[in-house]
Amino acid sequence: YLSLVSVADDVEARKMIRAAYEIKGPMYIRLGRSPIPVFHSEDYEFEIGKAETVKEGKDVAIIATGIMVYEAMKAADMLKEKGIYARVINMPTIKPIDKVAIVAAAKECGKIVTVEEHNIYGGLGEAVCAVTAEECPVPVKRIGVNDAFGKSGTADEALAAYGLTDKNIAEKTIEFLK
């Protein structure tokens, strides 16, 4: 049993390390290299296999992991200015994935956008697509690295090069909703 988790901020990182200590088996924790604003309070409860809704919305669900959660939150604010209410879900655990949260988002929002700083193949986007295909088929737009080799640069330069910015997430979501 291997858990795959991706850290959104410092509070979540500390909680994940404690969970890793308790788990019996291997656990892969993905940490970003650039500082991310802390949006979790110290009473945040991290649980392997459980998602967290960080913004409520009904028009589309944006499911993000790791440092992309903060970008998704900012994108949701941009979308709100245009009258689009996006639910933002922090999916810290890719394996096991929170099927209940994905199915609820599919049923309640009707469309899902996934955002990850990872190849769109073999990560969050594919995991969400697998769940929706079997449990509640809805359109899914995957935003991530489009099967390309990584580039060198600062974290901000790399995110911009792959379209992993709040502005691009908002633009891609608007296109997807049309």
Met78, Leu159: one ILVMFWY side-chain cluster at the under-4.5 Å cut-off? no
How close do Lys15 and Glu42 get, counting heavy atoms only, and between which atoms? NZ-O, 2.9 Å
On a heavy-atom basis, the closest approach of Val88 and Ala76 is CG2-CB, 3.6 Å
Gap separating the CZ atom of Arg18 from the CZ atom of Arg14, nearest 0.5 angstrom: 6.5 Å
Within the distance-only criterion (no hydrogens, no angle test), does the side chain of Thr165 pair as donor or acceptor with the backbone N or O of Ala160 below 3.5 angstrom? no
For the residue pair Ile62 and Ala72, what are the closest heavy atoms and their distance? CG2-CB, 3.7 Å
Evaluate Asn90 against Tyr44 for side chain to side chain contact (heavy atoms under 4.5 Å, CB included), listing each step before the verdict. CA-CA 12 Å; Asn90 172 19; Tyr44 165 66; 4.1 Å; yes
Taken to the nearest 0.5 Å, the spacing of Leu164 CG from Asp156 CG works out to 11.5 Å
Could you see if Met68 belongs to whatever hydrophobic cluster contains Val60? Use Ile, Leu, Val, Met, Phe, Trp, Tyr and a side-chain cutoff under 4.5 Å. yes
Looking at SG of Cys129 and OH of Tyr121, how far apart are the two atoms once the value is rounded to the nearest 0.5 Å? 10.5 Å
Side-chain (Glu56) to main-chain (Arg87) donor-acceptor, under 3.5 angstrom: no
Just by modelled atom types, is the Lys172 backbone N or O under 3.5 Å from a matching donor or acceptor in the Lys141 side chain? no
Between Lys74 and Glu71, does any NZ, NE, NH1 or NH2 come within less than 4.0 Å of an OD or OE carboxylate oxygen? yes
Evaluate side chain to side chain contact (heavy atoms under 4.5 Å, CB included) for Asp98 paired with Lys50, printing each intermediate quantity in order. CA-CA 5 Å; Asp98 189 341; Lys50 294 295 177 193; 4.0 Å; yes
Inter-residue atom distance Glu22.CD - Ile48.CD1, 0.5 Å rounding: 9.5 Å
Please evaluate residues Lys167 and Glu171 with respect to the criterion side chain to side chain contact (heavy atoms under 4.5 Å, CB included), reporting the C-alpha separation (whole Å), side-chain torsions for both, the decisive distance (0.1 Å), and the verdict. CA-CA 6 Å; Lys167 183 178 177 191; Glu171 289 171 357; 3.1 Å; yes
Quick check against the 3.5 Å criterion: does Glu116 have a side-chain atom that pairs as donor or acceptor with the backbone of Leu124? yes
Any sub-3.5 Å donor-acceptor pair from Asp9's side-chain atoms to His40's backbone N or O? yes
Hey, is the main chain of Glu157 close enough, under 3.5 Å, to the side chain of Thr154 for a donor-acceptor pair? yes
What heavy-atom pair brings Arg30 and Tyr28 nearest, and what distance separates the two atoms? CB-CE2, 3.8 Å
Are Phe39 and Phe46 grouped together when hydrophobic residues (ILVMFWY) are joined by side-chain heavy atoms under 4.5 angstrom apart? no
Rounded to the nearest 0.5 Å, how far does CD1 of Ile17 lie from CE of Met27? 7.5 Å
Out of curiosity, does Ile169 fall in the hydrophobic cluster containing Ile112 (side-chain heavy atoms, cut-off under 4.5 Å, transitive links)? no
If every non-hydrogen atom of Lys99 is compared with every non-hydrogen atom of Val131, which pair is closest and at what distance? CG-CG2, 3.8 Å
Taking the side chain from Asp59 and the backbone from Ala86, do they hold a donor-acceptor pair closer than 3.5 Å? no
Given the rule that I, L, V, M, F, W and Y join up when any side-chain heavy atoms are under 4.5 Å apart, are Val113 and Tyr162 in one cluster? yes
Working to the nearest 0.5 angstrom, can you tell me the gap between Lys55 NZ and Leu79 CG? 10.5 Å
Smallest heavy-atom separation, Val11 atom then Ser41 atom, equals CG1-O, 3.5 Å
Between Arg142 and Ile120 (side chain of the first, backbone of the second, donor and acceptor by atom type, cut-off under 3.5 Å), is there such a pair? yes
